[in-house]
Structure formats: C-alpha cells, structure tokens
Amino acid sequence: MTERYNPKVAEAKWQKIWDEKQSFKAVEDEAKPKFYALIEFPYPSGEGLHVGHPRSYTALDIVSRKRRMEGFNVLYPIGWDAFGLPTENFAIKTGQHPKVVTQKNIANFRRQLKSLGFSFDWSREVDTTDPDYYKWTQWIFLKLWEKGLAYKASMPVNWCPSCKVGLANEEVVNGECERCGGVVVQRQRSQWMLKITAYAERLLSDLDTVDYLEKIKTQQRNWIGKSIGAEVDFSIPALKNKAMRIFTTRPDTLFGVTYMVLAPEHPFVQELLPKCQNPDAVKAYIEATTRKSDFDRTEGAKEVSGVALEGIMATNPITKKSVPVWIADYVLATYGTGAIMAVPGHDERDWRFAKKFKLPIIEVISGGDVTKEAFISTSDDAVAVNSGPLNGLRPSEAIAKMIQIIENEGCGKASVKYKLRDWVFSRQRYWGEPIPMVDCPKCGWVPLPESELPLRLPEVESYQTSDTGESPLSLMTDWVNVKCPHCNGSAKRETDTMPQWAGSSWYFLRYCDPHNDKELASRKSLEFWTPIDWYNGGMEHTVLHLLYSRFWHKFLFDIGVAPSPEPYSRRTSHGLILGENNEKMSKSRGNVVNPDEVVETYGADTLRLYEMFMGPFDQAIPWSTTGLTGMWRFISRLWTLSDKVDVSDDASASRRVHKTVQEVSERIEAMKFNTAIASLMSLTNDFGEMEKIPKSDWDIFLKLLSPFAPHIAEEMWEKLGNKKLVAETPWPKADPAMLIEDTVTVAVQVNGKLRATIIVARDKPAKEVETVALAEEGVARALGGKAPKKIIVVPNRIVNVVV
RNA sequence: GCGGGCAUGACGGAACUGGUAGACGUACAGGACUUAAAAUCCUGAGCCGCAAGGCGUGCCGGUUCGAUUCCGGCUGCCCGCACCA
C-alpha cells in the first residue's frame, strides 16, 4: 500500500516539470492544424483570484489539453488587463504608484494561476500597462484618427461625481454608476469619440457568420438596435417652409398623423420660440426637462408630458394637412432625427399623449379599436384604411408603396437608424493609456508621429482627478506643453486617457506575436493563429467588450492588419459561481471562497474537477463545501485504485473503457463537463469492484482524466513506469465496434407501465422478443389472462403490450 | 411592457432524434474497522405500503401504444432590452 496522495508535493512537482519542458509553449508548426483557445484575460485586482476565474480557465484548459493530445498546435495564452479604476483608487488611498500596485497584483495572480496547473503558454504573457504593449494601443488610435474614425466632440457626458470620471453610456446602469452605484449627472465636456456607428451594419450582419450562443447574438443585436423605415420632411410655414425631418418605421401610417413632436433639445425649438404664442410655457418645459436626469426621463415615464408650440403648424407632405407641433420629453434628441410624426391610433406613447392632451386619433390600420387603445400590428389582415392610395394594402405593401410615393414626391427617403451611439473614448484619469494627440492653436488636433510611440505615462504627484474634472495629467505642465509636431509652435498634449476597454479590444492579436517591436503582430503569425477558435468568458462582457473588440478588429481588417473580418469564430459563456447561500459572492456578504485555501487543503485537481462537476457550465451555481470534499474523496480513491493495476495485463481495452472514451470525448466538445466527469466516476466505480485493473484499461482512463486533473494523472502515469508525460500521448479513440454490446436490456410494458425487463441478444427478431416478453411472470400477471390487443416492439429498446 | 430561458428526490444535477425517470455527486440511514471519533470500506434508499401494488418530472388539458421530452393554457423564478418613433 502506497502512502496517501499528497497533492501539494505532486502538484508542485508537475508544474515545475511542465515549466522546464515548456510543455505548453505554442509553436507555429505548419504540419499541424492550429487551435487558438482564449479566455478573458483577468483584471489583476488586489483581492486576488476569484473562484469564478478558474471555472472559465479550467473549461478551456480541458479543451486545450485534449486538442494537444489530438495533434493540434494549441495557443492558450494569458495576460493582464491591468489599467483601471480600482488600482488607481487603491494607489490614491495608499500613496503607492499604480504601476507598483499593478505589478504586485500581477505577481499574485500569476502565482495563483500557476498553482492551478493551467496549460497556458506563459512565454506570451501580455500586460496592457506595459509601454511595449500600449504603444500599439496608441498606434491603433492614431490609425483610427487617420481614417476619420476618431474625433473630438463637445457633448453631454455622464459624469460620476464620486468617481470623478466621465462614463460611457454603457457604464451607466439605471442612471447609476456601474462601479460605485452613485447617481450619474450630465456634464458638457469635450471628449474623444470613436465612430463605432460607421460599423453598425457590419457588426450586425456579420453576426450571421460566427458561432456565438444565440443569447449573445441577441444581446449584440439589441444593443445595435437597427430600425428600418423612412425619413419624411414636414414643412413648417413659420420657418419659411423649412423642413422638419422625422424618422418613422411605419411610413404607411402617414395618413394617421395628427400632430408632430420635437425633442426639447431639437435645434428648431430655439428658432420657433420667438414665433410661437406661448414662449414662456415652452421655456419652462425645456427647463424642467434639462433638470430631469435621463433616468427620470425614461424610468419615470408612466406619465407623459409636453407642451404645444402654439400657433406653429407643420404640413403633412402627402395629405397636405396642417397639424400642430409640440415638444415632449418622450422624444429623444439622440435617436432618429429628434423629431417624430405622431400617429396616436397606432403607437402607444402617441396614443397616451393624444388622450391626455385631447388630440385627434385617426384609424389608418384596421383590426383594432383606436378609441380604446393604440393598435399595433404588421400582420397581413391589418390592412390600411383612411389612407387614400394605400387603402386595402397589407402593412408590408403599404410601407413599400408609401416609400415609393414620398421618394417620388421628393419629400423623404427610405432610411435605417441604429440605437448604437459613438463610443466616448476619453477618461479623466491617470491609470490609462495616454491619448497620443496634441492640440495646436494653429493646426488644431495633431497626431503624434508613430516614431514617438509609446507616449509614456509621466510620473505625477497625485493621481486624483481635479475638482474641475480634469485628468491628473493636466497638472503636469512639463509634459503637457509640447511643440506641435506639425508646425513646431507651442501646443498642449491631450491629458485624458483611454478607457479600460481599449487594451482589451485587441489583446488577442498581440498574443500571436507578443514580443514584436516593429508591428502589433506579424502578418504571418496573425495568419497562422487567427481567428480565435474558441473564446469563453462571462456574460457580463458579451455586450460591450465583444462589440468594441469586434469593432477594432474589423477596423484592423480594413486597414490590412488583421487577416479576418471577425475575431472570434466561437464564443461561449460560463455561469456565475454563487456563494454557498445562493447569493452573489462579495466581500460585503462575507461569502467569498478563496481559491488559495482550496488549493492548500485539497489541491488544484480537486478544485478543477469540482468546478467542472458542480453543474451545467453555462448556469449559475452555488458553491458547496461538501461537494468539494466529495471531489477530494474521488481523487483519494483514484490513488488507492492505482495500486490494483495489473501491469502484466496489457492486451486491449475493454468495451467499458471504449464507452467511456466515447462519452468523455463527446461531452468535452459539448461543454458538458459535469457529465464527462460523472462518466469517469462511473468507470472508477467499476474499477473499484474489480480484483485487478488491467493496465490497458487504466492507461486509457488516465489519458481521459488528464485534461481534468492533470497533476494526479501525470503522477499515476509516471507510477506505471512511463517516461513520457501523459500530456504527450495521443488522445484515445473509441472503436465503434466496441461500443455495440452483444446483448441488450429491453423494458417490457403493459399499457405503458413497466412490468419487467428482459435481456436478449442484440437485434433479435421482433417476434422472438415478443415471445420472451410475454413469458415474463410480471407481464402475465399484469395481463390477468386477457389477450393482447396490440404489441409494439421497438428494437433493442422496449416492448409495449396493449390490452 | 417586450423578447428569451428555466421548473425533476432532502440538495447540486442526469436522461440521445418521445421509449426502463432520478446517472454521478452531496446529505442521510444501517453495518464493518476503532476504546471512541474522524477517515475508509460495504449496504440501503423517489414517495406511500409488510407486500402485491399505487402515485410520481411546477399546475390544468391535449396528441400518442408510450410524454421530463411535442402542442395549448396557467403559475412561479431567472436573464436580456426597455419612451429607440
């Protein structure tokens, strides 16, 4: 009897061997097919690794290890998304430089990840805060500028007073700061913007070319928010017939327009103010609107509000009817044209508004009762009525016809709008990539020449944003004052930095060639490795990070850097690991599990197996300490079993093992890691009942186990006298012939109820199976002497006797 | 409000294209070993019943020889989106 398994010793031993042999170093070997597996690189926080990280990392580690054994050239890299607020805040609090804090955190993460035995290629580590890395982040920005996709615009920006930082729309959740939960206010500020909207259509349509979970595609589509419709001009006599342009998805309802609405911020409103009869009321309403936050404007939207611009009318270009013009905050300045034609019969908001202000409602689509509620339908029987030339047409026909009419009349055109907004790319923070632009009074914004990259972050006294909201860099006069690269006159640097999303929008390209100082990565390496074959990460990054990185990747494709239009061929997501009390893990709830402690007590293999076994991979699941000890029991039992291996019995693998090979292989591909492990456990339960375990079976078992629990698998593999690593052996294949049993168990039912099971030869003729079935005692008893009316025999499965 | 998903023992969960519901693990009970406990090993177990049998996959109904699986309706939970014209 060997000693009890000691994971601490064994795991350290194998991690050292893998390191020394560089077992998982990715090489560009043209002879082998490539496989690029990617996990979201972590933010190295001061708290250290969360048990959620290894859930994703273990899953793709299993896949990567299996692929290597299958003869693939595997790239499974790791790095650090290290710019960001928490580190900066920690630095402010403790007076340490964020760089120092970051390096400390990275060292801790690296130690933790290494202790879990992931087969990362550590020689390709990237760090977004390394000037050799952010040089290329800045380079991409310069390219975006060069192509007109980066611009500076003064615009209302979401401002978090407590973080003292401008936030992207995406970082504002229900009017609150995503990071601190404080109320976000609007501030006017000049910001760098990226024209992601120029890519809206491609970001949407190319989703059809990739394999993402359907819910992820849906999220992307929702965020892009495409609407197909038309723009129509309504002339305003008071403005010398200047056109008020509206956007509508239902041009077929043009005959149902009874009033018009402008967003309070719409530029026409200021022009119309002196011309209307109630300027004071209008001004008061605009005032009230600006005081409302976006949140109040949407969330508190149960009650509609608005005010008429009295005396101002607009002319319907088709019906030539005059309708009143209103302003109301339910019309958003930022969507469409900031103005709408109101069709209260067939739009819920317009209906509520019309009811409240006693405006007329006209039915133009049949099938509902517009006196009771707005009727919205695109079904074929909802034909147009009261609509002149459209009468009797189905919605799709009516829309097409109306677009034709307005285009002929020259008063509008077919049009497509998106909810997607341009990306606010400036942050008034220290710990981010400096934006390599110079503001020259003579030349305007001038990019730094590429030769001056990286533009390094200067050392500053304080990392605190100024109370006026300026970046800490703005106080560094030495750094800020430069010569204009264009005219050599005095100029100032941009002092805002990039958002954290920047570095993570292209890191997967850098992994292909991480030490290149001439290009962000060589074309050759990118052609070899990209696109990424399998990307796994959390659901929290399936909207923004995915969208931003797809945008950058498409841009890099367009300028000839990236070889493919899409970065990720396949994207999956794992579920959250909840605390033992079924709540989200958090320090404040006191339910955080520290992976270090688990590794200390039970070892990495136990943690890996447990996290894969705890439940379906894509589902949120609570942590269970007893479940973890169960997995430790499994590991210990394996060690005991290894003493029963009969080394002399090395013929060929049993049917039982072939079946397991089949199951485990399939289940890994389907991400059913929980049942793959169940399958391994079943096999070991069978081994447990055997006097001796044939080496032929045990060998294959260890190979199947090795991606899941690599340390103990290597330890037991070595114990058998093998010189090579189990990780270097080929993945076993199931022999289809060995998967077919000679005999089958057939269930016998009487009227659908199970009465007996019989064991018969595979593919025994139905008649004979029937005879055997009817001879069963339980069957005879259930029949009670009655003659069967009908007997259904499903070959090798079931016999159902109907009485 | 709109869109999507889910609902199975005490618990996490399993079940291929409709074919023996509850694999695997946890917790539990009994036994062995031990002075004892832990650990380990063996055995049991969906529920009711001594048994025969009956009842069971959120609820009601349908299709079928047969439904956790398909269809209709309801309830509950989760996740997106949310004045987007």
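Each chain gets a letter, A, B and so on, in the order its sequence line appears, and its residues count up from 1.
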Now, which nucleotide makes the Watson-Crick or G-U wobble pair with A29(B), with each of the two distances under 3.5 Å?
U43(B)
Judged by whether its glycosidic angle lies within 90° of 0, G72(B) is anti
Rounded to the Å, how far apart are Q619(A) CD and G13(B) C1'?
9 Å
For residues 795-802 of chain A, run the donor-acceptor check on the side chains, cut-off 3.5 Å, and write out each pair with its distance to 0.1 Å, sequence neighbours left out.
{"from": "N796(A)", "atom 1": "OD1", "to": "D763(A)", "atom 2": "N", "distance (Å)": "2.9"}
{"from": "N796(A)", "atom 1": "ND2", "to": "D763(A)", "atom 2": "OD1", "distance (Å)": "2.9"}
{"from": "N800(A)", "atom 1": "OD1", "to": "G752(A)", "atom 2": "N", "distance (Å)": "3.0"}

Does R633(A) have a side-chain nitrogen or oxygen under 4.0 Å from the phosphate oxygens OP1 or OP2 of G25(B)?
no
d(CD, E580(A); P, C11(B)) in whole Å:
16 Å
Both distances under 3.5 Å, Watson-Crick or G-U wobble: report the partner of C70(B), or none.
G62(B)
Would you measure the distance from the P atom in U40(B) across to the matching atom in C47(B) and give it in whole Å?
25 Å
Could you say whether S624(A) or V799(A) is positioned toward the 5' end of RNA chain B, judged by the nucleotide with the nearest heavy atom to each?
V799(A)
For A85(B) and S227(A) - does any side-chain N or O of the residue sit under 4.0 Å from the phosphate oxygens OP1/OP2?
yes
Taking atom C1' in both A23(B) and A15(B), compute the distance separating them and give it to the nearest angstrom.
8 Å
Quick check on G80(B): is either OP1 or OP2 less than 4.0 Å from any side-chain nitrogen or oxygen of R221(A)?
no
Both distances under 3.5 Å, Watson-Crick or G-U wobble: report the partner of C16(B), or none.
none
Of the listed nucleotides (C24(B), G53(B), A14(B)), which one gets closest to any side-chain atom of P616(A)?
A14(B)
When the P atoms of G80(B) and C11(B) are compared, how many Å lie between them, rounded to an integer?
26 Å
If you measure from the P atom in U43(B) to the same atom in G4(B), how many Å do you get, rounded?
49 Å
May I ask which nucleotide in the shown strands pairs with A52(B), Watson-Crick or G-U wobble, both distances under 3.5 Å?
none
For A354(A) and Y259(A), work out which heavy atoms get closest and say how close.
N-OH, 4.0 Å
Starting at atom CD1 of I798(A), determine the distance to atom C1' of A21(B), rounded to an integer number of angstrom.
12 Å
Can you tell me how far P of C55(B) sits from CG of L754(A), to the nearest Å?
14 Å
Gap in Å between the two P atoms, one belonging to U17(B) and one to C70(B), rounded:
10 Å
Figure out the NZ/P separation between K215(A) and G3(B), and round it to whole Å.
19 Å
Under 4.0 Å between a side-chain N/O of N674(A) and OP1 or OP2 of G12(B), yes or no?
no
Are E611(A) and T58(A) linked by a side-chain donor-acceptor pair shorter than 3.5 Å?
no
If we take the C1' atom in both A21(B) and G56(B), what is their distance in whole Å?
10 Å
Work out how far the C1' atom of A14(B) is from that of U20(B), and round it to whole angstrom.
15 Å
5' priority, RNA chain B, between T745(A) and T626(A) [closest heavy atom]:
T745(A)
Can you check whether F708(A)'s main-chain N or O pairs, donor with acceptor, with R608(A)'s side chain at less than 3.5 Å?
yes
Rounding to an integer number of Å, can you tell me how far K644(A) NZ sits from C41(B) P?
11 Å
Between C1' on A85(B) and CD1 on I376(A), what's the gap in Å once rounded to a whole number?
11 Å
Distance between P atoms of C74(B) and C83(B) (Å, rounded):
27 Å
What do you reckon, are the aromatic ring centroids of F613(A) and F673(A) less than 6.0 Å apart?
no
I'd like to know if the side chain of K644(A) and the backbone of F687(A) have a donor-acceptor N/O pair within less than 3.5 Å.
yes
Any side-chain N or O of K672(A) less than 4.0 Å from the OP1 or OP2 oxygen of A23(B)?
no
The Watson-Crick or G-U wobble partner of C84(B), with both key distances under 3.5 Å, is none
Presence of K753(A) side-chain N/O under 4.0 Å of C55(B) phosphate oxygens OP1/OP2:
yes
Indicate, with a heavy-atom threshold strictly under 4.0 Å, whether K417(A) touches base, sugar-phosphate, or nothing.
nothing
When all nucleic acid strands are considered with a 4.0 Å heavy-atom cut-off, which category describes K226(A): base, sugar-phosphate, or nothing?
nothing
How would you label the contact of Q749(A) with the nucleic acid (heavy atoms, under 4.0 Å): base, sugar-phosphate, or nothing?
base
If we ignore angles and hydrogens, is there a donor and acceptor under 3.5 Å between the side chains of Q220(A) and Y212(A)?
no
Between the side-chain atoms of N222(A) and the base atoms of C81(B), is any donor-acceptor pair under 3.5 Å?
no
For L213(A) and G3(B), give me the distance from atom CG to atom P, rounded to whole Å.
22 Å
Could you check whether K672(A) pairs with E666(A) (Lys NZ or Arg NE/NH1/NH2 to Asp/Glu carboxylate O, under 4.0 Å)?
no
Scan every strand shown for a Watson-Crick or G-U wobble partner of C6(B), both distances under 3.5 Å, and answer none if you come up empty.
G76(B)
R667(A) near the nucleic acid: base, sugar-phosphate alone, or nothing, with a heavy-atom cut-off under 4.0 Å?
nothing
